[in-house]
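A short write-up of the structure that comes next.
Chain naming here is simple, since letters A, B, ... match the order of the sequence lines and numbering starts at 1 in each.
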There are 4 protein chains.
Amino acid sequence: MTNSEQKDLLVFERRESAVRSYCRAFPKMFDRAVNATIYGADDKEYIDFLAGCASLNYGHNDPDMKQALIDFISRDGIAHGLDMHTNAKRDFLETFHSRILAPRNMDYRTMFTGPTGANAVEAALKLARKVTGRTNVISFTNGFHGMTLGALATTGNAGKRGGAGTELSGVHRAPFDGYFGDNVDTAEQLDILLSDSSAGIDAPAAILVEAVQGEGGLNVASKEWMQKMQAIAKKHGALFIVDDIQAGCGRTGTFFSFEEMDIEPDIITMAKSLSGMGLPFAVTLFKPELDIWKPGEHNGTFRGNNHAFITAKVAIEKFWSDDTFQAEIKEKSEFLEQRLQSIADKYGFSLKGRGMMKGIDCGSGEAAADICEHAFENGVIVETSGSDDEIVKILAPLTIEKETFAKGLDIIETAFDCTLVDKNQRSAAE
Amino acid sequence: MTNSEQKDLLVFERRESAVRSYCRAFPKMFDRAVNATIYGADDKEYIDFLAGCASLNYGHNDPDMKQALIDFISRDGIAHGLDMHTNAKRDFLETFHSRILAPRNMDYRTMFTGPTGANAVEAALKLARKVTGRTNVISFTNGFHGMTLGALATTGNAGKRGGAGTELSGVHRAPFDGYFGDNVDTAEQLDILLSDSSAGIDAPAAILVEAVQGEGGLNVASKEWMQKMQAIAKKHGALFIVDDIQAGCGRTGTFFSFEEMDIEPDIITMAKSLSGMGLPFAVTLFKPELDIWKPGEHNGTFRGNNHAFITAKVAIEKFWSDDTFQAEIKEKSEFLEQRLQSIADKYGFSLKGRGMMKGIDCGSGEAAADICEHAFENGVIVETSGSDDEIVKILAPLTIEKETFAKGLDIIETAFDCTLVDKNQRSAAE
Amino acid sequence: MTNSEQKDLLVFERRESAVRSYCRAFPKMFDRAVNATIYGADDKEYIDFLAGCASLNYGHNDPDMKQALIDFISRDGIAHGLDMHTNAKRDFLETFHSRILAPRNMDYRTMFTGPTGANAVEAALKLARKVTGRTNVISFTNGFHGMTLGALATTGNAGKRGGAGTELSGVHRAPFDGYFGDNVDTAEQLDILLSDSSAGIDAPAAILVEAVQGEGGLNVASKEWMQKMQAIAKKHGALFIVDDIQAGCGRTGTFFSFEEMDIEPDIITMAKSLSGMGLPFAVTLFKPELDIWKPGEHNGTFRGNNHAFITAKVAIEKFWSDDTFQAEIKEKSEFLEQRLQSIADKYGFSLKGRGMMKGIDCGSGEAAADICEHAFENGVIVETSGSDDEIVKILAPLTIEKETFAKGLDIIETAFDCTLVDKNQRSAAE
Amino acid sequence: MTNSEQKDLLVFERRESAVRSYCRAFPKMFDRAVNATIYGADDKEYIDFLAGCASLNYGHNDPDMKQALIDFISRDGIAHGLDMHTNAKRDFLETFHSRILAPRNMDYRTMFTGPTGANAVEAALKLARKVTGRTNVISFTNGFHGMTLGALATTGNAGKRGGAGTELSGVHRAPFDGYFGDNVDTAEQLDILLSDSSAGIDAPAAILVEAVQGEGGLNVASKEWMQKMQAIAKKHGALFIVDDIQAGCGRTGTFFSFEEMDIEPDIITMAKSLSGMGLPFAVTLFKPELDIWKPGEHNGTFRGNNHAFITAKVAIEKFWSDDTFQAEIKEKSEFLEQRLQSIADKYGFSLKGRGMMKGIDCGSGEAAADICEHAFENGVIVETSGSDDEIVKILAPLTIEKETFAKGLDIIETAFDCTLVDKNQRSAAE
């Protein structure tokens, strides 16, 4: 790092809160980015295997989205219109309906919440409680749903929960699919508990689940388990909510993470990659018969981010008008699996995740951190996940060029090799 | 409305949730906007006296912000970088420090929360609880702080609170300045309660207050009352939080709403007009010694909206480098006051608010709604506020051209005249 | 204290929890008691001006209650019958109805809760929440309603509240009658708050009030204020609950503390002196139309204390069959007032309380403690009350012999004189 | 039932709340009782297999307790002394220490709470939260701990929980020993959850457990499971609380239900049979180092029931001075097991419980209710337990005469035979 860069970074230390986190792992000033490549202020290139925590599934600065947004701004398109009718909003609604919902036979109303995933989750929880007249929500071990108080109560991570400073209530925590190993059917256990009037778990308003737990360690729910969960929700009068904020928008191979599961959630939350270009944007989808909101009952100043309407529409039209993109994701997913499997095999590690959200469980957070640090020094931005940050998680843009992808994975493999060999050698030498 | 427009609006009815609200008062398709003028899809012009609920203090699509944003997008500036270091972020931090904080002798750390006001409030509450080890927060009658569960607990409005579907706890509600009339010193009452170990109000983590309650009815806290509140917070070991989300960014005449009050809040929340151009953006400011956050303890995908960094920097440089803008706001505020006073006098109504957030208390929500409807039909977008929506609230862009401002106020006056005369005539006729 | 007595007291220090409290103020081993006189194990006599915190309104070991109880035990009357039908229970119910409720035109169902006041309050709160479907309860500054979590949430005392170790929610605290002085109508303030849909106080399930706050400092609610509170409860769809645990059973001059107030509470809680002889016993009374309990929905092993049924029946028959006892209380109350007023006047202190629950506000907890200690050394058991324990509170048995009463008050007066003169002399000497 | 009896029972219907429950199953007026026999007002005899829900382990009106209590009352022993030192209290403390605690090498402080089990549990929870500074408490499926808000939150039964009318928070519900069958180690599952910082279960203040779940269905925890639970509590910094309210005082064969488990709970709650004669009485025991209570931090008017001190002392001296009583319980337990097993075998039902708290799982609440009704008609008072009230639960006094016990069990067997045969015949006939 040059002196000037060090001085630059000092600004953050002096002016920004200590709460900042990712920037600590990547002590570098960044400036611009194209698809899967981020450029430092000094023009050094980095391959982006973090992709805004899956907020940049279509890469950085997609040229078509860029152009549409520039055109919109140039012609004084309304940037902020609260929830007033705008052409941009209408176009998004129509495109989302005709290209995403209708072809999948999905009949959902769209609620524009504040533009964060947490806000979409808060709205989903409110609606489920309102519809059922119940308070209790079932959420899962390692679930991650956001930092505002209602969403945080459903989130598992102790560090995040500890920030609340007050009791997080209204949630019963159940073990996720496979949490106690393959021989324990956690869905059946939940059904037993909810069927027992003396078990002490209040009748739930909702079961809130991720099909793949992105932050929680790339834990994958099986089709059967998700179907059982939906059935359990129905049986016990609860709504079935799928939080598709991180796993949605193509990350697992299809637009929604649960498309091939034959399920029909009552409520779906979306955010992250929904705007296509990384702009703040979130929606809560629900079946029309659940739409008992009174006007303005849940509102928010930024619930109509018109810039995001523009880029989201381009994203949907460009990538989801036919099967080309899905096929491409599938191919890349397989490539990713091969490469990671080969690394994992070398070290007796296990693979985790699904589609383009996969990773390697390195056994310890320390090892994973070392690997990520090594990779960063060699030009790859990659992060960890899991209870102990023990998983090296690859979240490349779905649009990443094949060579870049391969090159990035080479650097990852080298990081494993150097870090683990180094350690072995050091251990041996001691 | 033309047939085609009616058909267009049908899209919202069919696809968007019933929770939508403002669009119901303004049944029109909007397309583009410049400063204080919004254009319908049919090019019909409307004067904007709502300004994104004070999110557009600098008007729509300020040409300098537009240009800076287009340049940034064109050169592939990082739109989404989580909380990684970017040039755009550094520039914002430096500009905010050098042009806003330093000249006012304010020493605060900046925390980038999720880009909604609610998120900034949630972060503020968490921090206050964390710092003090206490749970209870004092908030006020008619206070409005957001829709997520933690922020909602501090919000007064029953309709919004009713959406929670679960208990909103951890808050003691105190009467705002003047709530029981001029003869009751509500600050003194709060001090008595907090000083009495048997009064049953748990020692507070924070006192959370708005200097002007924007949503709650344009209620204005006096300098003396705010000073007392700060002293009470200090005396009882609580943090003093000013929510400057709606009243900040020049709305009352100075950048912060409390600048002329000789107070020094421990925490300040900002959002709405902070990005300058209506893009989602929020920060929580606090004194450096309170910055006990652990890395990532409160995080969020969209807490680094780089587009907003770009436009916010332009806004600060353009409007807050010298006193010109403040002088301009002052002049317009006086003009607004004259015009509203003259209307209010005509009907025996009272004026509310401060600076460029003023309104007329029409005595009933019905009357206020009629007036706003009439104004809209004649080309002005204006909304109500207050417990019963009884206040016609004028939130024009601070940058509004004088003629447009006058023209808009003419339309408002006519709306009062027609609506109230009409009613009187109808009453007389009956 | 003799060596043997010191050794005896050591047992408590070693075996009993540090939570014990009254025994610390009265370091003495007690053995037996008759009416207003308690005898030490060494036969030293003490006049009882504490009366089990108003649990012994009829004095210790009333001969008629004793005899009835001995007879009952001798003939193997059922001591513990859960809530099964027993003759003893039937007789209590009939006597309570015919001698207490019917003559006062009060139509109430009796619920036998666990035999503590806290349990009666918990049952009252549950029922109010069940009937109204609301959660929020209005309780008052300095209110005291018990130590279990639901009751504790309504209690004002910070020391007690601090024992909870968890958040106490579901309660809005309002100022009691006269809390802010004579010029502030706290009932009117509450009505304003509850009438304002934006005030942020959720529609209440109940207003829970004591007519005289025994623990909270002998604060007296006026008839007008109580009537207003009842009207406010009705107006806002809440139940009006009077907690008559300490002020009831004749303590203020009539059986219920509110008899001369022309009010009709929806729910009344009773305990303390209800059994007549100090046996654990509590009931919750409510209007028949509120009796929507499902069988066993609130239960408890000791909710049918048959020994208490026996003594309670005797108490009611003996003391409440005609007006003699009321007249006697009235006479003693006046005597008490004269004596206390004369002491208070001497020192510029103020009198507090009503009927036979009166005291002197000594300005500081230290002074009050000194006075009580002096009195104890001279043979009177008396305690303090109030936010800072600043009030010397006289709670003599209502049945106390006149000479004993006078003698006890002489000792109290001497305690004031010696303590305060001593202090003055010491102050002068310094 | 005679006309006069019917009229008598009408009093309860008209004057007592609908919440009454046991009396509905036993439509009879009772009057007196000796050991295991209850006499109707008409002198009809009933064998008591309910024993005040295990509050009458030593039967009704034990002659020695009776005599001691009569003597105490006759000589004006202090009935109500708040928590002041009395001879009766000292004697209880010493006897409890020398005969119960010391011989078992148990070093515990005794806290006299309000005289209900719920109050003892509330005190235990408060203390655990206070000591650990944590809020969350682990309690178990089918656990039963009382009706006040804090205790109710830990109770499993939905009907009871539904009475709260507000959210019951601060508790994570875990499956009891064997809840998911013999192959699932629920202790291990809890350990996994608590060891995972991302599992979402907040670090607990306490693990609260019954060794035998009396109300929850006579579910028995194994020694191994209890040891694991204690170890898990220790490992995760939580206190280990055994609620011995129903299973204690000899019910399972030893004074404490866990004596043969090699465990050492941090806190133990006791009530029900502790007074020996069915008088309201409860204590919370804890290790001396946990005694961080401030004086009066948890108090209560009836926390020193001196009548109960007298009878409790006699009970301890009479039954627990040597091993005779234990041997007697053991013998009766075996007899009970034989008799129940033979009934269970006949119908393919399963046996539940331990010691003298055993029952038969009849598969359905309807069948169990029919059996109890038949038994009552033939002179046995017996009740059900379990999630669906599907278990016929035998809780005879431990002191029951052998012939009475046999006679009662004969009636129970006949009730099974008649009820189930009847039903089969009816089924066959249809």
Side-chain angles (χ1 to χ4, degrees), chain C residues 11 15-23 26 29-34 41 52-53 55 61 66 70 73 76-80 82-87 90 93 97 109-111 114-116 122 126 129-130 135 147-150 163 165-166 170 277-278 280 291 293 295-298 300-302, chain D residues 11 15-23 26 29-34 41 52-53 55 61 66 70 73 76-80 82-87 90 93 97 109-111 114-116 122 126 129-130 135 147-150 163 165-166 170 277-278 280 291 293 295-298 300-302:
Chain C
V11 174
R15 308 285 175 227
E16 191 180 353
S17 164
V19 82
R20 66 198 187 283
S21 56
Y22 289 108
C23 60
F26 312 114
M29 180 72 83
F30 299 102
D31 184 48
R32 63 197 171 85
V34 179
C53 285
S55 297
N61 288 309
K66 267 178 65 175
I70 289 172
I73 297 171
D76 290 321
I78 291 173
H80 186 292
L82 293 165
D83 70 355
M84 290 195 283
H85 308 120
T86 63
N87 284 330
R90 182 206 50 203
L93 276 170
H97 179 73
R109 286 269 169 83
T110 298
M111 175 179 178
T116 65
E122 294 262 349
K126 279 185 180 182
R129 285 168 171 154
K130 221 174 127 65
T135 298
M147 292 294 103
T148 52
L149 219 57
T166 185
M277 204 176 128
D291 192 11
W293 287 110
E297 199 170 6
H298 180 95
T301 296
F302 295 120
Chain D
V11 174
R15 307 284 176 229
E16 190 179 355
S17 164
V19 83
R20 68 199 187 281
S21 55
Y22 290 108
C23 60
F26 312 116
M29 179 73 81
F30 299 102
D31 183 47
R32 64 199 171 83
V34 179
C53 283
S55 297
N61 288 309
K66 267 178 64 174
I70 288 172
I73 297 170
D76 290 321
I78 291 175
H80 187 291
L82 293 166
D83 70 353
M84 290 196 282
H85 307 120
T86 64
N87 284 329
R90 181 205 53 205
L93 276 169
H97 179 72
R109 287 269 169 83
T110 296
M111 174 178 179
T116 65
E122 294 262 349
K126 280 185 179 181
R129 285 169 170 153
K130 218 175 128 69
T135 298
M147 292 296 102
T148 51
L149 219 59
T166 184
M277 206 174 124
D291 192 11
W293 286 112
E297 199 171 4
H298 180 95
T301 297
F302 296 118

Look up atom [atom1] in [X] and atom [atom2] in [Y], then write down how far apart they are to the nearest 0.5 Å.
| X | Y | atom1 | atom2 | result |
| --- | --- | --- | --- | --- |
| D:Leu93 | C:Arg15 | CG | CZ | 8.5 Å |
| D:Met147 | C:Thr148 | CE | OG1 | 12.5 Å |
| D:Leu82 | C:Ser55 | CG | OG | 6.5 Å |
| D:Met29 | C:Met84 | CE | CE | 12.5 Å |
| C:Phe302 | D:Cys53 | CZ | SG | 10.5 Å |
| C:His85 | D:Glu16 | NE2 | CD | 7.0 Å |

For the interface with chain C, which of [options] has the highest count of heavy-atom pairs at distances below 4.5 Å?
| options | value |
| --- | --- |
| D:Lys130, D:His97, D:Arg129 | D:His97 |
| D:Ala79, D:Gly77, D:Ala41 | D:Gly77 |
| D:Gly165, D:Cys23, D:Gly278, D:Gly296 | D:Cys23 |

- Message: Looking at C:Asp83 and D:Arg20, would you say the former's side chain and the latter's main chain have a donor-acceptor pair under 3.5 Å?
- Response: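 Side chain of C:Asp83 to backbone of D:Arg20: no pair is present.
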- Message: Determine whether a donor-acceptor pair (N or O, by modelled atom type, separation under 3.5 Å) exists between the side chain of C:Asp76 and the backbone of D:Val34.
- Response: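 Checked: no pair found.
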- Side-chain heavy-atom pair D:Arg32, C:Asn87 within 4.5 angstrom cut-off: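 D:Arg32 vs C:Asn87: side chains apart.
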- Message: Can you confirm whether D:Ser17 sits close enough to C:Thr110 that some side-chain heavy atom of one is under 4.5 Å from a side-chain heavy atom of the other?
- Response: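 Not in contact.
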- Query: Taking all atoms of both residues into account, what is the closest heavy-atom pair of C:Gly150 and D:Leu149, and its distance?
  - Reply: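 Of all heavy-atom pairs spanning C:Gly150 and D:Leu149, the closest is N-CB, 3.4 Å.
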- Item | Heavy-atom closest pair, residues D:Ser21 and C:Pro295 |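 Looking at all heavy atoms of both residues, the shortest contact is CB-C, 4.1 Å.
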Engaged part of [X] at the chain D interface, taking heavy atoms whose separation is under 4.5 Å:
| X | value |
| --- | --- |
| C:Ile73 | both |
| C:Thr116 | both |
| C:Val19 | both |

Which region of [X], side chain (C-beta onward) or backbone (N, CA, C, O), has a non-hydrogen atom less than 4.5 Å from a non-hydrogen atom of chain C, or is it both or neither?
| X | result |
| --- | --- |
| D:Thr86 | both |
| D:His298 | both |
| D:Ile70 | both |

- Message: For the interface with chain D, which of C:Thr135, C:Thr166, C:Val11, C:Asp291 has the highest count of heavy-atom pairs at distances below 4.5 Å?
- Response: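 Counting heavy-atom pairs under 4.5 Å, the top option is C:Asp291.
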